[in-house]
Amino acid sequence: MKILYFAWLRERLNRASDEVSPPAEVVTLNDLIAWLRANDEVLDHAMQNTKIFKLARDAKIAAWDTPIGDAKEIAILPPMTGG
């Protein structure tokens, strides 16, 4: 499964994506984010306030309790500003 990072989160992590194989107990997007954070100190620090992030499952915005199922791609979207 590919994890995509956008905007300032991508810059903070210094990478645009990761390929991961979460364990079977990781069922929902919320579980996935918790698992990713537990395995990456920089991501954990960057996502201290999880409420500000949106998630997308295979390019569609999804709730945090959405099952991962057979998703190929999960995107983590921090709040963005524009002008």
Side-chain angles (χ1 to χ4, degrees):
M1 169 188 317
K2 191 170 199 173
I3 308 296
L4 302 174
Y5 307 108
F6 288 89
W8 61 263
L9 181 59
R10 177 183 59 217
E11 293 171 11
R12 191 166 295 173
L13 296 172
N14 199 28
R15 62 187 187 269
S17 65
D18 282 320
E19 287 287 337
V20 300
S21 298
E25 64 266 20
V26 174
V27 177
T28 66
L29 295 181
N30 191 49
D31 296 339
L32 177 65
I33 297 303
W35 180 75
L36 290 169
R37 290 179 64 191
N39 291 290
D40 187 318
E41 186 176 320
V42 176
L43 181 64
D44 183 45
H45 183 71
M47 294 189 74
Q48 288 289 317
N49 183 6
T50 55
K51 293 180 181 180
I52 65 172
F53 291 88
K54 292 190 183 278
L55 302 174
R57 179 186 180 276
D58 289 335
K60 293 184 180 178
I61 296 295
W64 281 68
D65 60 352
T66 300
I68 295 171
D70 60 351
K72 303 283 186 243
E73 200 174 80
I74 304 296
I76 303 174
L77 309 162
M80 295 181 228
T81 59

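Numbering starts at 1 and runs along the sequence shown. If you're wondering where the values come from, they're calculated on a predicted model, not measured in any experiment.
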Side chain to side chain donor-acceptor pair (under 3.5 Å) filter on Asn49, not counting sequence neighbours, yields none
Side chain to side chain contact (heavy atoms under 4.5 Å, CB included) for Ile61 and Leu77? Distances and angles first, verdict last. CA-CA 9 Å; Ile61 296 295; Leu77 309 162; 3.6 Å; yes
For atom CD of Glu19, decide whether the heavy atoms of other residues, nucleotides or ligands shown that lie under 6.0 angstrom number more than 12. yes
When rounded to the nearest 0.5 angstrom, what is the spacing between CG in Asp65 and OG1 in Thr28? 7.0 Å
Pairwise distance CZ(Arg15) to CG(Asp40) - rounded to 0.5 angstrom: 4.5 Å
Closest heavy-atom contact between Ser17 and Lys2? OG-CE, 3.5 Å
Worked verdict on Asp70 versus Arg57 for salt bridge (Lys or Arg N to Asp or Glu O under 4.0 Å): CA-CA 10 Å; Asp70 60 351; Arg57 179 186 180 276; 3.2 Å; yes
Which other residues end up in the same hydrophobic cluster as Trp35, if Ile, Leu, Val, Met, Phe, Trp and Tyr are linked when side-chain heavy atoms come under 4.5 Å apart?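 ILVMFWY cluster around Trp35 also holds Met1, Ile3, Tyr5, Trp8, Leu9, Leu13, Val20, Val26, Leu29, Leu32, Ile33, Leu36, Val42, Leu43, Met47, Ile52, Phe53, Leu55, Trp64, Ile68, Ile74, Ile76.
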